[in-house]
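Here the structure comes first, spelled out in structure tokens, and everything after it is commentary.
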Amino acid sequence: MSERWKIWAMLAPALLVLIAVFVGGLALGVGRSLNYMPIIGLTAPNLDAYRQILRMPEFLPSLATNLYIAVVSTAVSMVLAIASALLMRRAFRGKRLMTFLFSFNLPIPHVVGAIGILFLFAQSGAIARLAYGVGLISRPMEFPVLVNDPHAIGIILEYVWKEVPFIGVVVLAVLQSLGDDYEAVAQTLGATPWQRFATVVLPLIMPATLSVSVLVLAFTFGEFLVPYLLGQTYPATLPVLAVRLFTDPDLNQRPPAMALSILIALISAVMVVLYMALSRRVVRSD
Amino acid sequence: MTAVTLSGLTKSYPGATRPAVDRLDLALTSGKIHALLGPSGCGKTSTLKLIAGLLRPTSGDIRFDGTSVLAVPAERRGAVLMFQNHLLFPYMSVGENVGYALKVRHESRAVIASRVDEMLELVKLPGLANRRPRELSGGQQQRVALARALIVRPRVLLLDEPLSNLDADLRDDMRALIRAVQAQLAVTTVFVTHDQQEAVVMADTIALMSGGVLLQTAAPDVFYDSPASVEVARFFGNTNLLPGTCADGRIATPLGTFRAPRSTVTTGPAVLTIRPESIKFSATGQPPGANELGGQVLSHIYAGTHARYRIAAGDFHFDVITDAEAARIYRDGDPVRLRFPPEKIWLLPPHSG
């Protein structure tokens, strides 16, 4: 057996899984969304399911909610992550403890975070009860609606809690590998602290920060569980809508569920491409 | 034109056993090139950062033209630092890099553009303003960094090992360029190096440091002719040391008595030093005369333009550098006669420790 074949033979199991699960699953999904299922006699593909989705009154509000949550969560996480990384790169007492606490929630799953938010911020949650207990509010219902609310505060809180350390760890690593010398040069050339941040630190960390935040953007756009637990019922986010259709007892809802899933993937892909193109223009770096 | 005075300058880092810079007194005359020379960890880079204002001294004072600058932050001190690595901002063009100091001072676009062209002309890189730093060679990048440092006409130019990242041939060019530009702008320049050759070639005065302490400040030739101590003599390549007792311009040593009019010690214990290139040697013919002694070649290295010999005399070894011709004549094991010219001998106090 030649070297080349050996490599292919060794790669075969991984390729098989990849093709069967990813390409195969995706192909079946696309087929299903196009009402193409030869096994039950549907051999003429059409766009009926897509039409049905786009005609749903909930589709556009859901898309708007989805975009709002993804963009706000990513932007807020990015700003907070950069701020905390800048604070944490300096040497200070208790830095190791801080670094540990900072990255503590990296391995904690989103579902745990979402339940935590629910327990803390719901109108029946711990903070509301505490506020009631100390007399800040006279009834638990006076506590601001932060969970299952129209502004998706609970969802954004959960994402920010989880993604600030994720982006922050990357930014911190970049800052530490850059060292202080670029800023020292700028300082002796006359740059004020703000100018050093805006014209030296920010442009230097931007490429890495944007690459990691695009992952956050794509994730927060496509995530189901967190909006399912913390989101409002109408308009639900697109993934919640898709699962709702998929689990409908009416099997006729399966093709639109598939069509919606494919649409989510497409929109997500377009967003990532746009974001990368935009960030490349912003950064202009090598 | 700015004179820089350091007085009692001390910098201690928390947790360190001894200060990185220890009560440094140094007067750096206006418009000259000064080298801070020493092995790594001797405190020379800390001194540079203290002058720049990037570090705050533990005690002592830094004065520019007689006025203390300790209260002036680095961004307004007018002491520009250039690092070993060019540290050009990779996301800016060459022109934007050079014009950076004017940009942060909110100068107009037109002023910046014309000053940038002027500076690029000065460092012999005209017309490269629109390039990216990564498109330039290492030597060109370093020259852009120099232009960036000089565009605001700093009071003091600080260079941290400016040549050590360059290849040997580029180093000569850069050295010449720094000297030429410095002479043209007459900016007081302080540069840090561990390479005594580089310090000697580039600087008007050298401050030799070791362990945070200043060993000697002088013009380069003084370090060769009249080093202040055995340690300084060693750092400048003088390894020939012969202990003795001096009196009346003579020193009595285990190898005989030598006439030595040049001395820091008038009487008592002293160390005779003589540079390897100052010792003359010849074949043994007659018995040794005044300031001469007999020896034997231990080993020698032919180095093209010269030859290095190691010669034993009694219990002592001497390093001798001769012209390359000698390597054809004297072989290992040959008996030779060494001559120490009296005017080349320099007597120092014994090594204190």
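For the numbers below, each heavy atom of this structure counts, side chains included, while hydrogens, waters and symmetry mates do not. To find a chain, count down the sequence lines: A is the first, B the second, and so on, and within it residues start at 1.
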Practice problem: Below 4.5 Å from any heavy atom of chain A, which atoms of B:Val80 appear? Answer side chain, backbone, both or neither. | Solution: both

Self-check item: Over 12 non-hydrogen atoms of neighbours within 6.0 angstrom of OH in A:Tyr228
Solution: no

Quiz prompt | Check: B:Gln182 side chain, B:Gly31 main-chain N or O, donor-acceptor pair, under 3.5 Å | solution = yes

Quiz item: Does anything in residues 164-194 of chain A get under 4.5 Å of chain B by heavy atoms, and if so which residues?
Solution: A:Asp181, A:Tyr182, A:Ala184, A:Val185, A:Ala186, A:Gln187, A:Thr188, A:Leu189, A:Gly190, A:Ala191, A:Thr192, A:Pro193

Practice problem: Pull out the residues in residues 262-272 of chain A that come under 4.5 Å of chain B, heavy atom to heavy atom, sorted by number. | Solution: none

Quiz prompt | Step-by-step side-chain hydrogen bond (donor to acceptor under 3.5 Å, both in side chains) determination, B:Ser40 to B:His194 | solution = CA-CA 7 Å; B:Ser40 64; B:His194 62 271; over 6 Å; no

Quiz item: Between A:His110 and A:Phe219, is the ring centre distance below 6.0 Å?
Solution: yes

Practice problem: Using only heavy-atom distances, determine whether the side chains of A:Tyr275 and A:Thr74 contain a donor-acceptor pair under 3.5 Å. | Solution: no

Exercise. Would you indicate whether B:Arg105, at its atom CZ, is surrounded by more than 12 heavy atoms from other residues, nucleotides or ligands within a distance under 6.0 Å?
Key: yes

Exercise. Examine whether an atom of B:His106 lies under 4.5 Å from a heavy atom of chain A, and if so say whether it belongs to the side chain, the backbone or both; otherwise answer neither.
Key: side chain

Practice problem: For atom NZ of B:Lys11, decide whether the heavy atoms of other residues, nucleotides or ligands shown that lie under 6.0 angstrom number more than 12. | Solution: yes

Exercise. Test B:Asp61 against B:Arg63 for salt bridge (Lys or Arg N to Asp or Glu O under 4.0 Å), laying out the working first.
Key: CA-CA 6 Å; B:Asp61 199 7; B:Arg63 290 191 300 271; 3.6 Å; yes

Self-check item: Region of B:Leu54 that comes under 4.5 Å of a non-hydrogen atom in chain A
Solution: side chain

Quiz item: Can you check whether B:Tyr91's main-chain N or O pairs, donor with acceptor, with B:Arg132's side chain at less than 3.5 Å?
Solution: yes

Quiz item: What pair of heavy atoms forms the shortest contact from B:Val187 to B:Pro154, and how long is it?
Solution: CG2-O, 3.3 Å

Practice problem: Could you tell me which portion of B:Leu158 (side chain, backbone, both or neither) has an atom closer than 4.5 angstrom to a non-hydrogen atom of chain A? | Solution: neither

Quiz prompt | Lys/Arg-Asp/Glu bridge criterion (N-O < 4.0 Å) met for A:Arg196, B:Glu75 | solution = yes

